[in-house]
Amino acid sequence: MKDVAKVRMEDAIEAPRADGSTATFKVRGIQQVDKENFPTHKVYRATDRPGLRLLTCGGPIKDGHRTDNIILYADLAP
């Protein structure tokens, strides 16, 4: 995967599987949220299709930590 800051809508993310194959996901959403307002239900809820959520930190640094989370939402590509 390339630098997370360079990921855009519709980009592919490849994830290795235990059986040696590769699952390919397509990015359908990118969200930056303040850590105080993390969308727990949206990120961790059950879905009706295979999906991927990638979480990382972003935003300005305050007291030595990034203030935001960057969330990538992706669906398994056909």
Side-chain angles (χ1 to χ4, degrees):
M1 185 174 152
K2 61 185 174 183
D3 182 342
V4 173
K6 295 179 182 176
V7 174
R8 300 291 178 250
M9 296 290 290
E10 303 294 319
D11 279 357
I13 297 173
E14 294 182 340
R17 292 179 167 165
D19 67 2
S21 65
T22 300
T24 301
F25 295 85
K26 186 177 273 192
V27 176
R28 69 169 169 79
I30 301 170
Q31 182 179 23
Q32 182 169 342
V33 296
D34 182 289
K35 289 182 180 183
E36 301 284 326
N37 298 308
F38 186 83
T40 302
H41 179 71
K42 184 176 179 182
V43 172
Y44 294 110
R45 69 180 167 87
T47 61
D48 58 354
R49 60 183 177 236
L52 178 74
R53 307 291 182 265
L54 185 115
L55 309 170
T56 190
C57 298
I61 296 175
K62 181 178 178 184
D63 298 325
H65 301 279
R66 298 278 178 185
T67 59
D68 297 345
N69 282 118
I70 308 299
I71 307 164
L72 302 179
Y73 299 89
D75 297 319
L76 186 62

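We find the CD1-OG1 distance between I13 and T22 to be 13.5 Å, quoted to the nearest 0.5 Å.
There is a path of hydrophobic side-chain contacts, each under 4.5 Å, that joins V33 to V43. Y44 is not connected to L52 by any chain of hydrophobic side-chain contacts under 4.5 Å among Ile, Leu, Val, Met, Phe, Trp and Tyr, and they are in different clusters. If you chain together hydrophobic residues whose side chains sit under 4.5 Å apart, V7 and M9 fall into the same group.
Judged purely by atom type and a 3.5 angstrom limit, N37 has no side-chain atom pairing as donor or acceptor with the backbone of D34.
Under the 4.5 Å side-chain criterion, counting only non-hydrogen atoms from C-beta, T47 is in contact with R53. When side chains are defined from C-beta on, C57 does not count as touching H65, because their heavy atoms never get closer than 4.5 Å.
Residue D63 qualifies as open at atom CG: its count of foreign heavy atoms under 6.0 Å is 12 or below.
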Listing, residues 23-32 side-chain donor-acceptor contacts under 3.5 Å, not counting sequence neighbours, or none:
unit_1	atom_1	unit_2	atom_2	d
R28	NE	D75	OD1	3.1
R28	NE	D75	OD2	2.9
Q31	OE1	Y73	OH	2.7
Q32	NE2	D68	OD2	2.7

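In plain terms, the two heavy atoms of R8 and A5 that are nearest each other are NH1-O, 3.2 Å.
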